[in-house]
Amino acid sequence: MRLSPLNQRRWRNFKRNRRAVWSLIILGGLFVLSLFAEFFANDKPILVNYRGEWRVPVLSFYSERDFGGDFPTEAVYSSPEVQCLIVTGGAVECFDDPTGLRDQVLAGETPEVTDFQRGWMIWPLIPYSYDTIVDVRGVAPAPPSDTNWLGTDDTKRDVVARVIYGFRLSIFFALIVTAVSSAVGIIAGAIQGYFGGWVDLVFQRFIEIWGGMPSLYIMIILVAILGKSFWLLVFITVLFGWTALVGVVRAEFLRARNFEYVRAARALGVKDRTIMFRHVLPNAMVATVTLLPFLITGGISTLASLDFLGFGLPSSAPSLGDLTLQAKRNLQAPWLGFTAFFTFAFMLSLLVFIFEGVRDAFDPRKTFE
């Protein structure tokens, strides 16, 4: 698909901002990788070969019975007994092992068993999920080590795994909130500015009242009553965040509603909806795009703030705000505070650099030389 001359100029302007381009590449690459976080950080193997059969525990459920065990519950792949069942193909008694064959198997030795058929597992780079309790000695939180690169939190969960999953969750939350609240805000601002009069007056009084409400307190009350949920937080954040773009879009439409090309379109009988969103809105996008990085970073900060206060996601969810709260509670574990700080700083800086380039790309005053 060939871009229009206007979009070609915008794309050239964006590429001229090297900082924005590299920030987009880095953040986009990290986000794409985080979409496959289960293949990089998980307490389940990526691939298992059991008696010649290929199994993918990361994507499918397998009970312990599927590997020759006794229980119908999901296999605990980090358990020595389950690993023994997989490696030996169920030919060795792995739970009651007076002969020591299980220890030989786990040590890499091949016991002499009649129908022995060795299996194997491929583990992720980080053999822990965001909710895996790490079996390490000492008091939690544990310091960084060879097995836990950034240590563990105060419930002995791997910090690297929680950062990977928390990064993905934060970006998803911010993108969903920004997309929905921007759509609602742009439509509301366009209607206000284009029609003016009583429509604008009534909308403005409503927004003034709505904007004066203590949103953070209401969020905390609703979460305390309705419970902690990702989609509930999305709904509440959109409920109080859609007004951010109304003022900017309204001002642009008030300015453009009396332009000659708008009057000409009205005289020709063009529908108001077509004039608003096909002719006027593109001219209002520069000011709108300028505010988008603040909405995205604000969405991430809102989620982190609610988690820090204990009114965000459930405690079992991978939350960067929860990591910050643990850093506050455990000042003797500085790796938690450093990890939370650098993760937020890196992520928010990349977002600001990207939208700085997008803002320049939509600016009609900037031309490609």
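Owing to the predicted nature of the structure, the values given are computational and were not obtained by experimental measurement.
No path of Ile, Leu, Val, Met, Phe, Trp and Tyr side chains, each step under 4.5 Å between heavy atoms, connects Trp210 with Leu245, placing them in separate hydrophobic clusters. A chain of hydrophobic side-chain contacts below 4.5 Å, direct or via other Ile, Leu, Val, Met, Phe, Trp or Tyr residues, connects Leu291 to Phe14. Linking ILVMFWY side-chain heavy atoms closer than 4.5 Å, directly or via other members, places Ile171 and Val352 in two distinct hydrophobic clusters. Residues Leu233 and Phe311 share a hydrophobic cluster, clusters being chains of Ile/Leu/Val/Met/Phe/Trp/Tyr side chains in contact below 4.5 Å. Cluster membership for Leu27 and Phe346, using ILVMFWY side-chain heavy atoms within less than 4.5 angstrom, is shared.
With Asp158 as reference, Ile126 is the one residue of Ile126, Ile164, Thr132 to meet the side chain to side chain contact (heavy atoms under 4.5 Å, CB included) rule.
Inter-residue side-chain proximity for Leu222 and Leu232 is flagged as unmet; no heavy-atom pair is nearer than 4.5 Å. Taking the side chain as every heavy atom from C-beta outward, Leu292 and Ser182 approach each other to under 4.5 Å. Using a 4.5 Å heavy-atom cutoff, the side chains of Val82 and Glu64 are in contact. Side-chain contact between Asn148 and Val160: absent, with no pair of heavy atoms (C-beta onward) separated by less than 4.5 Å. Side-chain contact between Trp149 and Pro144 is absent, with no heavy-atom pair separated by less than 4.5 Å. Side-chain atoms of Leu313 and Leu303, non-hydrogen and from C-beta on, do get closer than 4.5 Å to each other. Proximity of Asp43 to Ser78: side-chain heavy atoms (C-beta onward) are nowhere separated by under 4.5 Å. Side-chain atoms of Ile176 and Trp231, non-hydrogen and from C-beta on, do get closer than 4.5 Å to each other.
Summarising the local packing, CD of Glu260 is surrounded by 12 or fewer heavy atoms from other residues, nucleotides or ligands at distances under 6.0 Å. Environment of CG in Asn258: crowded, with over 12 heavy atoms of neighbouring residues, nucleotides or ligands closer than 6.0 Å. Surrounding CZ of Phe259 are more than 12 heavy atoms belonging to other residues, nucleotides or ligands, all under 6.0 Å away. The number of heavy-atom neighbours closer than 6.0 Å to OH of Tyr261, taken from other residues, nucleotides and ligands shown, is above 12. Counted within 6.0 Å of CZ on Phe235, heavy atoms from surrounding residues, nucleotides or ligands total 12 or fewer; the atom is thus considered open. Around atom CZ of Arg278, no more than 12 heavy atoms belonging to other residues, nucleotides or ligands sit under 6.0 Å away. Taking a 6.0 Å sphere around CZ of Phe61, one finds it holds more than 12 heavy atoms contributed by other residues, nucleotides or ligands. The number of heavy-atom neighbours closer than 6.0 Å to CH2 of Trp120, taken from other residues, nucleotides and ligands shown, is above 12.
A donor-acceptor distance shorter than 3.5 angstrom exists from the side chain of Arg162 to the backbone of Ala317, with no hydrogens or angles considered. Proximity of a side-chain donor or acceptor of Arg168 to a complementary backbone N or O of Ser34 within less than 3.5 Å is detected. A donor-acceptor distance shorter than 3.5 angstrom exists from the side chain of Thr297 to the backbone of Phe294, with no hydrogens or angles considered. Here the side chain of Arg250 pairs no donor or acceptor atom with the backbone of Gly193 at under 3.5 angstrom. The backbone N or O of Ile300 lies less than 3.5 Å from no partner atom in the side chain of Ser170, so there is not a single donor-acceptor pair. Between the side chain of Asn330 and the backbone N or O of Ala333 there is no donor-acceptor pair closer than 3.5 Å. No donor-acceptor distance shorter than 3.5 angstrom exists from the side chain of Trp22 to the backbone of Arg19, with no hydrogens or angles considered. In terms of modelled atom types and a separation under 3.5 Å, the side chain of Lys44 and the main chain of Ser60 share no donor-acceptor contact. Remark: the backbone N or O of Tyr77 is paired with a side-chain donor or acceptor of Gln83 at under 3.5 angstrom.
The existence of a salt bridge linking Asp66 and Arg55 is excluded, since no basic side-chain nitrogen approaches an acidic carboxylate oxygen closer than 4.0 Å. Looking at Arg205 and Glu208, a side-chain N of the basic residue comes within less than 4.0 Å of a carboxylate O on the acidic one, giving a salt bridge. Using a 4.0 Å cut-off between charged side-chain N and carboxylate O, Asp200 and Arg257 make no salt bridge.
What you find for Asp131 and Arg157 is that their closest heavy atoms are CA-CD, 4.1 Å. Taking both residues in full, the closest heavy atoms of Ile46 and Pro57 are given as O-CD, 4.0 Å, listed atom of the first, atom of the second, then distance. Summarising the geometry of Val249 relative to Ile186, their closest heavy-atom pair is CG1-O, 3.7 Å, with the distance given to 0.1 Å. Contact detail for Ala20 and Gly357: the closest heavy-atom pair is CB-CA, 3.7 Å. Taking each heavy atom of Asp307 and Asp322 in turn, the nearest pair found is CB-N, 3.8 Å. Summarising the geometry of Thr324 relative to Ala340, their closest heavy-atom pair is OG1-CB, 3.6 Å, with the distance given to 0.1 Å.
Aromatic ring centres of Phe40 and Tyr165: separated by at least 6.0 Å.
Inspection of the Ser63 and Arg65 side chains reveals no N or O donor paired with an N or O acceptor under 3.5 Å.
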**Chi angles and distances behind the side-chain contact (heavy atoms from CB on, under 4.5 Å) call for Leu306, Leu216** = CA-CA 9 Å; Leu306 291 174; Leu216 182 60; 3.9 Å; yes
**Asked** Would Leu33 and Phe167 satisfy side-chain contact (heavy atoms from CB on, under 4.5 Å), going step by step from the backbone distance to the final call?
**Response** CA-CA 11 Å; Leu33 290 177; Phe167 172 82; over 6 Å; no
**Request:** Begin with the C-alpha distance, continue with both residues' side-chain angles, and end with the deciding distance and a verdict on side-chain contact (heavy atoms from CB on, under 4.5 Å) for Val202 and Phe206.
**Result:** CA-CA 6 Å; Val202 172; Phe206 172 77; 5.6 Å; no
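The aromatic rings of Tyr194 and Phe253 sit perpendicular to each other, their planes meeting at more than 60°, with 30° as the lower class boundary.
The OH atom of Tyr130 sits 8.5 Å away from atom CD of Glu38, with the distance rounded to the nearest 0.5 Å. Taken from CZ in Arg329 to CG in Leu336, the straight-line distance is 12.0 Å, to the nearest 0.5 Å. With values rounded to the nearest 0.5 angstrom, Thr302 atom OG1 is found 6.5 Å from Phe173 atom CZ. In this structure, the separation between CD1 on Ile191 and CZ on Phe203 is 5.5 Å, given to the nearest 0.5 Å. For the atom pair NZ (Lys156) and OH (Tyr128), the distance works out to 11.5 Å, reported to the nearest 0.5 Å. If you take CH2 on Trp335 and OG1 on Thr152, they are separated by 7.5 Å, rounding to the nearest 0.5 Å.
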